[in-house]
**Student:** 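Mind having a look at this structure? Questions to follow.
Side-chain atoms are counted along with the backbone in the values below, which use heavy atoms only and exclude waters and symmetry mates.
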Amino acid sequence: MLSDIQIFWYNHNMNQPITSKVNEKGHLEIGGCDLADLAAEFGTPLYVLDEVTIRSRCREYKTAFKGRYDNTLIIYACKALCNTAVLKLLSDEGIGFDVSSGGELYIARKANCDLKNIYFHGNNKSKKELEEAVDLGVGRVVVDNFDELKALDAITQKAKKKADILFRINPGIEAHTHEFIQTGQIDSKFGIAKEKAIDAVKLAAKMKYVKFVGLHSHIGSQIFDIKPYIALVELLCDLAGSVLAETGIKCEDINIGGGIGIDYTGQDNVISLDAVASEIVEVFKNKSQKLGAPKLILEPGRSIIGTAGVTLYSIGSIKDIPEIRKYIAVDGGMSDNPRPILYGAVYDALLANKANAPKTEKVTVAGRFCESGDRLIKDIELPKAEIGDILCVFCTGAYNYSMASNYNRVGRPAMVLVNNGISSLILKREAYEDLIANDVVL
Ligand SMILES: *Cc1c(COP(=O)(O)O)cnc(C)c1O
């Protein structure tokens with residue numbers, strides 16, 4: 001089934017789920033479900049996730065890398081979207097997990113994810129989180145700094161349990177992306193400076209229960225250029241070589257993080273995973289020859305889940321400010337998708353119930369929250385919108401629900417997983433009671 005779908009993917013709008021099509025009513029359909037029907041059944045705003053797109057992205061990653069270098073592990077960065085049903089699905093596809101908090105670890109366990117394929121990240125993990133990681137025996141703790149290394153030493157001694165660790169290295173590589181999602185530059189809160197890596201390995205070697213097993217780096221997110229990855233592979237392999245030469249310790253893992261970009265607008269120039277894998281593996285194989293065939297690990301988040309998701313909104317009011325701007329206001333906004341207000345992120349959309357209608361006007365999509373900056377899309381061409389139309393915003397699978405808030409005490413949306421004409425609720429809409437569930441009334 002999926003081999004046909006993969007061919008389809010490259011002929012398709014790259015910013016839409018691969019199953020999206022316009023049906024005979026002129027409505028957009030995803031996973032065989034009419035989006036206008038989903039909006040009517042589950043209400044709006046509604047997150048919709050396409051199962052086929054998620055599974056096919058996992059398989060694309062695995063085929064591209066494992067086909068070229070067998071000892072590769074693809075792990076999903078849970079922070080992109082962390083929901084029990086979704087993690088189960090990914091686990092079923094043989095994907096490992098990058099968790100960056102006790103909460104994400106908890107959900108990964110609830111989804112029965114294999115603990116040995118869990119990598120625990122974070123630049124300031126709490127003592128409790130480190131204790132949990134040691135106690136459960138997660139696959140790897142990715143240690144960010146010397147303070148954490150010392151804390152982990154104490155925790156493992158107390159528990160008399162071992163912890164396999166990677167060091168997060170700050171490689172001093174700048175990827176061209178938004179400043180807030182750049183993570184590998186020298187001035188960064190993440191990781192150990194590459195010059196201090198050997199000292200860190202030597203220190204860990206003296207610890208009884210802490211075992212250094214490899215290196216990690218993550219240079220940022222929404223990256224379209226392969227060059228910084230190549231530079232990173234070279235740098236980590238060289239560093240692993242120095243570690244081996246100076247300490248005799250082999251790196252079992254070389255983890256190059258995530259960050260591969262996706263096409264949000266239908267015009268972004270994405271690189272195919274096949275091309276990414278081919279270039280990375282070629283350099284990796286060459287550079288890692290003397291390292292004893294370490295495991296190559298990638299941690300995609302956005303590029304697994306981003307395009308699989310869309311958000312449906314109802315249009316509730318339309319305001320035309322003559323000669324200035326026409327606003328169409330929807331029933332969600334910055335609380336279900338904070339990326340436009342956070343980083344000026346750009347999205348594409350269409351009217352799900354008028355999917356074939358010609359685009360005749362330029363409008364700005366306003367959210368419902370009490371901030372002027374709450375605009376989901378500035379200046380988009382749409383067919384003439386009317387009250388009650390359903391707006392479908394594309395590429396909302398990653399960093400939307402996971403960053404959602406209850407601003408203005410609006411409950412977070414529901415989420416449905418669609419496949420083959422069946423829609424399954426995987427996240428309930430938050431009700432008023434949920435909003436005060438933790439309030440303590442005096
Ligand atoms: C966020 C993050 C990722 C995933 O980034 P994407 O851009 O979603 O692929 C991977 N690894 C680490 C350590 C991260 O912080």
**Student:** Give, for atom CG of Asp331 and atom OG1 of Thr44, the distance between the pair rounded to the nearest 0.5 Å.
**Tutor:** 3.5 Å
**Student:** Test your reading of the model: is there a side-chain donor-acceptor pair from Asp144 to the backbone of Phe190, 3.5 Å cut-off?
**Tutor:** no
**Student:** Return yes if some donor-acceptor pair links the side-chain N/O of Ser402 with the main-chain N/O of Ala80 below 3.5 Å, else return no.
**Tutor:** yes
**Student:** Taking salt bridge (Lys or Arg N to Asp or Glu O under 4.0 Å) as the cut-off, I'd like each qualifying pair that reaches into residues 199-217, sequence neighbours left out, listed once.
**Tutor:** Lys202-Glu246, Lys211-Glu252
**Student:** When you measure from the side chain of Thr396 to the backbone N and O of Thr311, does any donor-acceptor pair fall under 3.5 Å?
**Tutor:** yes
**Student:** Check this for me: Tyr106, atom OH, are more than 12 non-hydrogen atoms of other residues, nucleotides or ligands nearer than 6.0 Å?
**Tutor:** no
**Student:** So, Lys295 and Asp253, do they make that salt bridge, N to O below 4.0 Å?
**Tutor:** no
**Student:** For the residue pair Leu105 and Phe97, establish whether any side-chain heavy-atom pair is separated by less than 4.5 Å.
**Tutor:** no
**Student:** Answer yes or no: is there a side-chain heavy-atom contact under 4.5 Å between Pro340 and Ile377?
**Tutor:** no
**Student:** Tell me which pairs pass salt bridge (Lys or Arg N to Asp or Glu O under 4.0 Å) where either residue lies in residues 31-52, with sequence neighbours left out.
**Tutor:** Glu51-Arg55
**Student:** Should the ring pair Phe284 and Tyr69 be called parallel, tilted or perpendicular, given that the plane angle runs from 0 to 90° and is split at 30 and 60?
**Tutor:** perpendicular
**Student:** Sub-3.5 Å donor-acceptor pair from the side chain of Glu129 to the main-chain atoms of Ser101, do we have one?
**Tutor:** no
**Student:** Rounded at 0.5 Å granularity, tell me how far OG1 in Thr364 sits from CG in Leu382.
**Tutor:** 10.0 Å
**Student:** Quick one: are Cys78 and Leu87 in side-chain contact, heavy atoms under 4.5 Å?
**Tutor:** yes
**Student:** Mind running side-chain contact (heavy atoms from CB on, under 4.5 Å) on Ile198 and Ser242 for me, showing each step along the way?
**Tutor:** CA-CA 8 Å; Ile198 307 264; Ser242 310; 3.8 Å; yes
**Student:** Would you call Lys125 and Glu148 a salt bridge, using N to O less than 4.0 angstrom?
**Tutor:** yes
**Student:** Should His121 and His216 be marked as a ring-ring contact (aromatic ring centres under 6.0 Å, His included) after you check the CA-CA gap, both sets of side-chain angles, and the distance that decides it?
**Tutor:** CA-CA 10 Å; His121 286 279; His216 165 266; 4.5 Å; yes
**Student:** Can any side-chain N or O of Glu430 pair as donor or acceptor with the backbone N or O of Arg412 at less than 3.5 Å?
**Tutor:** yes
**Student:** Phe212 vs Leu203, test: side-chain contact (heavy atoms from CB on, under 4.5 Å). Steps then yes/no.
**Tutor:** CA-CA 10 Å; Phe212 166 81; Leu203 188 57; over 6 Å; no
**Student:** How long is the straight-line distance from CD of Glu29 back to CG of Leu38, given to the nearest 0.5 Å?
**Tutor:** 9.5 Å
**Student:** Let me confirm one number: the CD1-CD distance from Ile226 to Glu279, rounded to the nearest 0.5 Å.
**Tutor:** 5.0 Å
**Student:** Going through the distances and angles, do Thr72 and Tyr61 end up as a side-chain hydrogen bond (donor to acceptor under 3.5 Å, both in side chains)?
**Tutor:** CA-CA 10 Å; Thr72 303; Tyr61 257 109; over 6 Å; no
**Student:** Checking the side chain of Asp268 only, and the main-chain atoms of Val270 only, is there a donor and an acceptor separated by less than 3.5 Å?
**Tutor:** no
**Student:** Does the side chain of Val393 reach to within under 4.5 Å of the side chain of Val365, using non-hydrogen atoms?
**Tutor:** no
**Student:** Can you check whether Gly31's main-chain N or O pairs, donor with acceptor, with Thr19's side chain at less than 3.5 Å?
**Tutor:** yes
**Student:** Looking at every heavy atom in both Gly332 and Pro45, which two are closest together, and how far apart are they?
**Tutor:** CA-CG, 3.8 Å
**Student:** Considering all heavy atoms of both residues, which atom of Ala151 and which atom of Leu130 are nearest to each other, and what is their separation?
**Tutor:** CB-CD1, 4.2 Å
**Student:** Please find the pair of heavy atoms, one from Glu104 and one from Cys82, that lie closest to each other, and give the distance.
**Tutor:** CG-SG, 4.0 Å
**Student:** Determine whether Arg140 and Asp98 satisfy the following criterion, salt bridge (Lys or Arg N to Asp or Glu O under 4.0 Å), listing intermediate values before the conclusion.
**Tutor:** CA-CA 10 Å; Arg140 306 282 191 245; Asp98 142 0; over 6 Å; no
**Student:** Can any side-chain N or O of Gln222 pair as donor or acceptor with the backbone N or O of Ile262 at less than 3.5 Å?
**Tutor:** yes
**Student:** Restricting to side-chain hydrogen bond (donor to acceptor under 3.5 Å, both in side chains), what partner residues turn up for Asn353, sequence neighbours left out?
**Tutor:** Asp389
**Student:** With a 4.5 Å limit on heavy-atom distance, are the side chains of Leu291 and Cys237 in contact?
**Tutor:** yes
**Student:** I'd like to know whether Ile304 forms a side-chain contact (heavy atoms from CB on, under 4.5 Å) with Cys58, so could you lay out the CA-CA distance, the side-chain angles of the two residues, the decisive distance to 0.1 Å, and finally the verdict.
**Tutor:** CA-CA 6 Å; Ile304 294 248; Cys58 293; 4.2 Å; yes
**Student:** Can you see which heavy atom on Leu236 is nearest to which on Leu215, and at what distance?
**Tutor:** O-CD1, 3.6 Å
**Student:** For residues Ile18 and Ser56, report the shortest heavy-atom separation together with the two atoms involved.
**Tutor:** CD1-OG, 3.3 Å
**Student:** Considering non-hydrogen atoms only, spot the tightest contact between Leu239 and Ala197 and give its length.
**Tutor:** CD2-CB, 3.8 Å
**Student:** Hey, are Arg57 and Thr307 close enough side-chain-wise for a donor-acceptor pair under 3.5 Å?
**Tutor:** no
**Student:** Would you check if Phe42 and Leu312 make a side-chain contact, meaning some heavy-atom pair closer than 4.5 Å?
**Tutor:** no
**Student:** Using atom types as modelled and distance alone, determine if a side-chain donor or acceptor of Asn83 lies under 3.5 Å from a backbone N or O of Leu427.
**Tutor:** no
**Student:** May I ask you to test the Ile380-Val363 pair for a side-chain heavy-atom distance under 4.5 Å?
**Tutor:** yes
**Student:** What's the verdict on side-chain contact (heavy atoms from CB on, under 4.5 Å) for Ile254 and Ser288, showing C-alpha distance, side-chain angles and the deciding distance?
**Tutor:** CA-CA 9 Å; Ile254 305 269; Ser288 67; over 6 Å; no
**Student:** Between Asn15 and Asp263, is any side-chain donor less than 3.5 angstrom from a side-chain acceptor?
**Tutor:** no
**Student:** With rounding to the nearest 0.5 angstrom, report the CD1 to NE2 distance, Ile390 to His27.
**Tutor:** 9.5 Å
**Student:** Evaluate whether atom NZ of Lys62 has more than 12 neighbouring non-hydrogen atoms of other residues, nucleotides or ligands under 6.0 angstrom away.
**Tutor:** yes
**Student:** Between the side chain of Arg339 and the main-chain N/O of Leu376, is any donor-acceptor distance below 3.5 Å?
**Tutor:** no
**Student:** Between Ile219 and Tyr229, is any pair of side-chain heavy atoms under 4.5 Å apart?
**Tutor:** yes
**Student:** Have Tyr313 and Asp336 got a donor and an acceptor in their side chains that come within less than 3.5 Å?
**Tutor:** yes
**Student:** Quick check, are the ring centers of Tyr264 and Tyr347 under 6.0 angstrom apart?
**Tutor:** yes
**Student:** Taking Asp135 first and then Lys128, would you say they form a salt bridge - that is, a charged N and a carboxylate O separated by under 4.0 Å?
**Tutor:** no
**Student:** Report the distance from atom CD1 of Ile75 to atom SG of Cys113, rounding to the nearest 0.5 Å.
**Tutor:** 11.5 Å
**Student:** Under 3.5 Å, is there a donor-acceptor pair linking the side chains of Gln157 and Asp153?
**Tutor:** yes
